[in-house]
Structures are given as structure tokens and as C-alpha cells.
Amino acid sequence: MEFNLVFEVYFMIHLQQYLSLEQQSQVIQACREVARISPLYTPKMPSGKPFNCQQTSCGSYGWISDRSGYRYSEIHPNTGKQFAPIPEIIYNLSKSLATQIGELDYIPQTCLINYYKSSGRLGLHQDNSEQNLKPAIISISLGDDAVFLVGGTKRSDATKEILLKSGDIIIMNSESRLLFHGVKKIIPGTYNLLKSGGRLNLTIRQVY
Ligand code: MD3
Ligand code: FE
């Protein structure tokens with residue numbers, strides 16, 4: 001008798017310095033254009049406490065947080081209008097990355113843009129506001145370095161620190177999709193493509 005035992009172990013995918021400087025500045029420019037239509041704002045947690053970063057979104061939906069909780073909305077909370085469309089460069093990059101991990105039918109429905117000043121951070125959390133938790137979340141880091149934390153599927157699980165640099169891509173799929181994670185700190189002055197300093201993080205998501 002003969003059989004094959006196949007173990008598949010899934011980790012988060014971290015592509016270091018995947019984007020060229022040229023691509024990084026094109027993505028930053030695209031974010032500036034999004035922010036003209038859908039401005040950055042400081043969201044509030046359901047408790048009323050403000051976030052330590054600013055956010056906006058583009059695409060058919062935007063992730064929002066307020067007294068009513070975390071959810072996706074078709075309307076920007078400050079403008080009362082639809083979010084700006086996902087810029088072509090961000091759409092194409094995410095489709096190309098999704099294809100490379102075998103998600104041929106990936107639909108980039110929204111891109112959440114987080115902007116961190118040097119004092120910015122993001123507490124440990126799970127991304128589970130999406131109705132469909134199967135499609136990957138694709139993240140693009142730009143600007144100053146950040147110390148990123150990734151843990152397990154329980155908040156109390158041990159975390160590991162990962163340095164995220166400008167042009168790095170993180171892909172959370174399969175098993176890693178629901179891991180707790182957060183941004184511990186920004187390392188100011190490590191990068192200067194963002195004239196005002198700080199760090200931008202984009203997360204491209206398929207919500208439904
Ligand atoms: C790990 N953003 O917007 S991106 C978020 O750097 C968020 O701004 C962080 O967490 C940031 O929700 C981290 C990398 C990332 C994105 C999604 C994940 C890591 C993830 C989903 C599951 C586990
Ligand atoms: Fe997250």
C-alpha cells in the first residue's frame with residue numbers, strides 16, 4: 001500500500017522591497033488623489049476613543065468605525081459621498097499579486113488607507129468585518145519603517161515583531177487571514193519619499 005501525506009502550512013507572505021521607488025511614488029501620488037476626493041480623517045473606536053492614525057478608503061466601500069461599531073459603508077463619513085475609485089495602479093498591483101497566489105477571481109472592492117504620523121500606532125486586532133473571509137488581504141507599506149506585530153488566532157497568543165519598510169508587501173491568506181496583528185511603532189525619519197514624513201499603509205480587500 002502506498003500513500004502520500006501532504007502537509008500544507010500557510011504563513012503570512014512578506015515580500016520585502018517588492019515595489020520600486022518609481023512604483024512607490026506612483027502609489028503615494030495615487031493616494032494623494034484619493035485623499036482630495038475622500039479626505040483622511042481620524043476615526044473613533046466604538047468606545048469613542050480616537051484612533052492613533054488617520055484613515056480613508058477608496059473603492060465601492062470603505063471600512064468605518066464609530067459608536068455603532070466596525071463595518072463597511074458605501075459613504076465616506078465626512079463627505080457623505082461615495083469613496084473615490086481605486087486608482088488603476090493599486091487595482092493592477094493587487095490583481096497581479098492575487099493572481100500570483102492563485103486567487104484568479106479576486107475582486108479588489110476596497111482599499112483602506114492608513115496614515116501614521118511618527119506617534120501613530122494601531123492596537124492588536126483581527127480583520128473580520130468582511131462578510132467573505134476567504135479572499136486575501138494585500139497590504140502595501142510606504143514611508144517610514146514600522147514595527148508590525150503578528151500573533152495567533154487568540155488575542156492572548158504571543159506576538160512576533162516584523163519590520164515593515166517602504167515598498168514591502170504583506171499578504172494574509174488562508175490560515176494567516178485571521179491572525180491578531182497591529183502596529184507597535186513608527187520609526188521616524190527612516191524614509192523621505194513622503195514629504196510630510198510618517199507612514200502610509202494600504203490594505204486591499206474583497207469584502208463580499
Ligand atoms: C495580519 N493595518 O488596516 S497591514 C489594518 O500597517 C491593519 O496599517 C496595518 O492592520 C498597518 O487593518 C497592518 C498588514 C496586515 C493586513 C491585514 C492582516 C496584516 C494582517 C490580516 C490578518 C493578519
Ligand atoms: Fe488589520
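Start at 1 with the first residue, then count along the sequence. Read the numbers this way: they start at 1 and go in the same order the structure lists the ligands and their atoms.
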What are the atoms of ligand 1, with element, lying closer than 4.0 Å to any heavy atom of R177?
21 (C), 22 (C)
Per-residue contact class, L112 against ligand 1 - non-hydrogen pairs under 4.0 Å:
side chain
Check each of V183, N173, N201 against atom 4 (S) of ligand 1 and report the one with the nearest heavy atom.
N201
Atom 16 (C) of ligand 1 sits nearest the protein heavy atom T203 CG2, 3.8 Å
Between Q100 and S96, a side-chain donor and acceptor under 3.5 Å
yes
Is the closest side-chain donor-acceptor distance between Y72 and Q131 under 3.5 Å?
no
If you look at D127, which of its N/O/S atoms is nearest to the Fe ion (ligand 2)?
OD1
Within a distance under 4.0 Å of any heavy atom of D127, pick out the atoms of ligand 1 and give their elements.
12 (O), 17 (C)
Only one of I113, N114, D144, L193 clears side-chain contact (heavy atoms from CB on, under 4.5 Å) with L200; which?
I113
Kindly state whether the ring of Y70 and the ring of H125 have centres lying under 6.0 angstrom apart.
no
Is Y116 touching ligand 1 with its side chain, its backbone, both, or neither, if touching means heavy atoms under 4.0 Å apart?
side chain
Does some non-hydrogen atom of I137 fall short of 4.0 Å from ligand 1?
yes
Check: N52/S119 side-chain N/O donor and acceptor closer than 3.5 Å:
no
I need the nearest protein heavy-atom contact for atom 13 (C) of ligand 1: residue, atom name and distance, please.
F148 CE1, 3.5 Å
Parallel, tilted or perpendicular: which describes the rings of H76 and F83, with under 30° parallel and over 60° perpendicular?
tilted
Show me which atoms of ligand 1 lie under 4.0 Å from any heavy atom of R199.
6 (O), 8 (O), 11 (C)
So does D127 pair up with R177, basic N to acidic O under 4.0 Å?
no
With a 4.0 Å cut-off on heavy atoms, is Q126 touching ligand 1?
no
So which heavy atom in the protein is nearest atom 20 (C) of ligand 1, and how far is it from that ligand atom?
M172 CG, 3.1 Å
Is it true that K154 and D157 have a side-chain N and a carboxylate O under 4.0 angstrom from each other?
yes
What pairs meet the side chain to side chain donor-acceptor pair (under 3.5 Å) rule with one or both residues in residues 58-69, with sequence neighbours excluded?
W63-S129, D66-R71
For L179, the atoms of ligand 1 under 4.0 Å from one of its heavy atoms are 22 (C), 23 (C)
Which of the N/O/S atoms in H181 sits closest to the Fe ion (ligand 2)?
NE2
Around atom NZ of K117, are there more than 12 heavy atoms of other residues, nucleotides or ligands at under 6.0 Å?
no
What part of R205 sits under 4.0 Å from ligand 1 if we count only heavy atoms: the side chain, the backbone, both or neither?
side chain
Where is the nearest protein heavy atom to atom 2 (N) of ligand 1: which residue, which atom, and how far?
N114 ND2, 3.5 Å
What part of L122, side chain from CB on, backbone N/CA/C/O, both or neither, has a heavy atom under 4.0 Å from ligand 1?
side chain
Check the surroundings of atom CD in Q82: do more than 12 heavy atoms from other residues, nucleotides or ligands lie under 6.0 Å from it?
no
Option with minimal heavy-atom separation from atom 14 (C) of ligand 1, where the choices are S176, S139, G182, G120
S139
